[in-house]
**Q** 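Encoded as structure tokens, here's the structure I'll be asking about.
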Protein chains: 2
Amino acid sequence: MKRITIYDVAKEADVSLATVSRVINGSEVVREDTRIKVQEAIEKLGYKPNAIAQGLALQKTTTIAIVMPEASFFYTGGIINGLLDTAKIYKYNIMLHSTSAGINEMNDVIESIIKSRVDGVVIFNDKLNREELNTLNHYNVPIVVIGNKMSDDTIGSVYIDYATLAYEYACECIAAGKSDISLVEDRKNPSMINQIREGLERAFEEHGMKFDKFIRIPKEYRSSYVFLTDYYKDHRPSKVIITYRDSQAIAVLNASKEAGFTIPQDAELVCVLDSKYNAMQRPQISAFKIPDYDMGAMSMRLLTKMLHDEDEVLNKEMELSYVYIPRQTTLQ
Amino acid sequence: MKRITIYDVAKEADVSLATVSRVINGSEVVREDTRIKVQEAIEKLGYKPNAIAQGLALQKTTTIAIVMPEASFFYTGGIINGLLDTAKIYKYNIMLHSTSAGINEMNDVIESIIKSRVDGVVIFNDKLNREELNTLNHYNVPIVVIGNKMSDDTIGSVYIDYATLAYEYACECIAAGKSDISLVEDRKNPSMINQIREGLERAFEEHGMKFDKFIRIPKEYRSSYVFLTDYYKDHRPSKVIITYRDSQAIAVLNASKEAGFTIPQDAELVCVLDSKYNAMQRPQISAFKIPDYDMGAMSMRLLTKMLHDEDEVLNKEMELSYVYIPRQTTLQ
DNA sequence: TTGTACGCGTTATCAC
DNA sequence: GTGATAACGCGTACAA
């Protein structure tokens, strides 16, 4: 099938291509009968506007790039759905990029983002480099970052304050006489873990104590799951154990059975990032409901706002809230 | 920052834009010193080729579209990673589309795929409409379908033969005297479930029986999880229970505890689509390892081959194999 | 080896 | 209300 262009339509409808363009873009000035004539020609030929050519002419692609850490779709699925749904509302296309642990990975991604002339970019990357953002900024690519609060006011950010989450939770525990708290490392989410740790340290400090029960996952273990199962065979558990992801929480749960201690009686367990699997365990795992879908939706909405109201978008920092869902791995 | 074009570079390096273009595209014919001169100009100005303009000129965008069912990133994450990694190798960009249950959803997606002039498309959609594929075909968009075998030889397909999987498994069960088999419906994956059901029916038929234990999930239940937990409170379980996803298998597991029957002694449990959560349950759930990452990688590779060897790609149907992973929910 | 000129498909600014 | 025509940024025959 021959590629059919606006010019073919013009010839078919016996008008100029300018008129066809007007019809396509819903210009008001075109007379009704010619509009119909053009519409029919479009229909007959099956003409679809070439977005690439439009992009060139208009200097905008109506597509935005999103970059996600590789192999994380399992627990960023909600974010992506939020992004996609909202993008659809605003008629934006999505260019998906992923970054793995590789050194220069991110640079390649930045490179192709710039070349593709997307109108904006949403970045969710745990180990985010300031320099890379500067590069994008330099090329005038509007940016929204998910997961990290950015002080830069050219950059938008949508995030959860994990530090405060942890701080408040720790304070409650301490107030209840449970200051024996440990936190399990998560090598896939260093930034989140750092924030949580910060919050715990602050809480302990304010109570004249020092938080020092950070359970490191040795590099030689393929997964924290395997390690934790081993770990608790010869380590007494803390009264309160905090993990970031569901799989780690489940690992603790399984380890408890094998190691012979009982949750929540001997040790309470809390998972920060809730998932449906937490509710499926027995006992069901207490966790914090993080609004992942909303994070995606808000990010996209913020970006479109930045794109549209080119001037000043008043508040570029959006902190989202969380909800604690007590289940069966914690007392009362 | 002013948009800098190939023309700016040409002026800076004091050559014509044609030469700059040659340098960019690694043409062999350009003299070494001029190449360096141009490279320096590019570096100095921070020039990045405009992929949009290139796309217009070359009539190809080096981006391919992928369409995934919405809210499925949790269990299609592996596929997406395979797609992305492979696309990266071949320097293709990815345009991500999702389809929800909405009626005209898919048409919108097709529409924007055509407009965006992508070089090809990979579709993973359970409820796939033949008509939609024809539309894409009509606009000469090369297609690879994941999950369904396509007899059309303009379309590539990468899939798992779930029917045979189920058939063979059922035959083994029957041979071992366990012909009391039930299959749990999965409304999110009707096509997979249908294939499995087909396989079971064939196996039963060949043994002079009829498969009739298809457990339907009533629409009024939000999730099969909730339903199954209820269901087994007043239904005796089959000797062998088959589910498609991990969450359903876990539901059966939990239900067994509440309903007072024991797995695997009273009833064996098999999950078709394995996930890490299966291994995390107690007892660990037996399942089939489906090569999801490979499905993505193979799809992308097949598509690039179709794009490159424009003529005939010999085999456009790729059936991938699976491996049964016996764990603790099945006997021996 | 390098430069000129045209084409890629649209939008937008002018005239008419 | 409609029709030429110049951008938009780049690739590439064709000339030089």
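First the proteins, then the strands, lettered A, B, ... as listed; each starts at 1. Just so it is clear, the model here is predicted, and its values are computed rather than measured.
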**Q** Taking OP1 and OP2 of C:dG3, is either one under 4.0 Å from a side-chain nitrogen or oxygen of B:Ser16?
**A**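 Yes, within the criterion.
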
**Q** Give, ordered by number, those residues of residues 32-43 of chain B having at least one heavy-atom distance below 4.0 Å to an atom of DNA chain C; if nothing qualifies, reply none.
**A** B:Thr34

**Q** Have a look at A:Thr19 and say if it touches a base, only the backbone sugar-phosphate, or nothing, with a 4.0 Å heavy-atom cut-off.
**A**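 Since only primed, P, OP1 and OP2 atoms lie under 4.0 Å of A:Thr19, the category is sugar-phosphate.
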
**Q** Students often get this wrong, so: under 4.0 angstrom with heavy atoms, is B:Val15 touching a base, only sugar-phosphate, or nothing?
**A**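 Sugar-phosphate: the residue B:Val15, judged by heavy atoms under 4.0 Å, touches backbone atoms but no base.
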
**Q** Please collect all salt bridge (charged side-chain N to carboxylate O under 4.0 Å, His left out) contacts where either partner lies in residues 72-91 of chain A, sequence neighbours excluded, each pair once.
**A**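 As it turns out, the salt bridge (charged side-chain N to carboxylate O under 4.0 Å, His left out) pairs with a partner in residues 72-91 of chain A, which skip direct neighbours, are A:Lys88-B:Glu105.
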
**Q** Starting at atom OH of A:Tyr7, determine the distance to atom P of C:dC8, rounded to an integer number of angstrom.
**A**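 Roughly 12 Å, once rounded to whole Å.
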
**Q** Just report the end-to-end axis angle for the helix from C:dT1-D:dA16 to C:dC16-D:dG1, five pairs per end, to 10 degrees.
**A**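 Answer for the end axes of this duplex: 40°.
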
**Q** Indicate the atoms forming the closest heavy-atom contact of A:Gln54 with A:Pro49, along with that distance.
**A**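 In terms of heavy atoms, the two residues are closest at NE2-CB, 3.7 Å.
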
**Q** Please collect all salt bridge (charged side-chain N to carboxylate O under 4.0 Å, His left out) contacts where either partner lies in residues 42-59 of chain A, sequence neighbours excluded, each pair once.
**A** A:Glu12-A:Lys44, A:Lys48-B:Glu111

**Q** So, is A:Ser21 near the phosphate of C:dT11, with a side-chain N or O under 4.0 Å from OP1 or OP2?
**A**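 So the side-chain polar atoms of A:Ser21 do come within 4.0 Å of the phosphate oxygens OP1 or OP2 of C:dT11, strictly under.
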
**Q** Identify each atom pair where a protein N or O and an N or O of nucleotides 13-16 of chain D are less than 3.5 Å apart, giving names and distance.
**A**
none

**Q** Taking DNA chain D as the partner, which of residues 52-63 of chain A come within under 4.0 angstrom of it by heavy atom?
**A**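 Listed by number, they are A:Leu56, A:Ala57, A:Gln59.
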
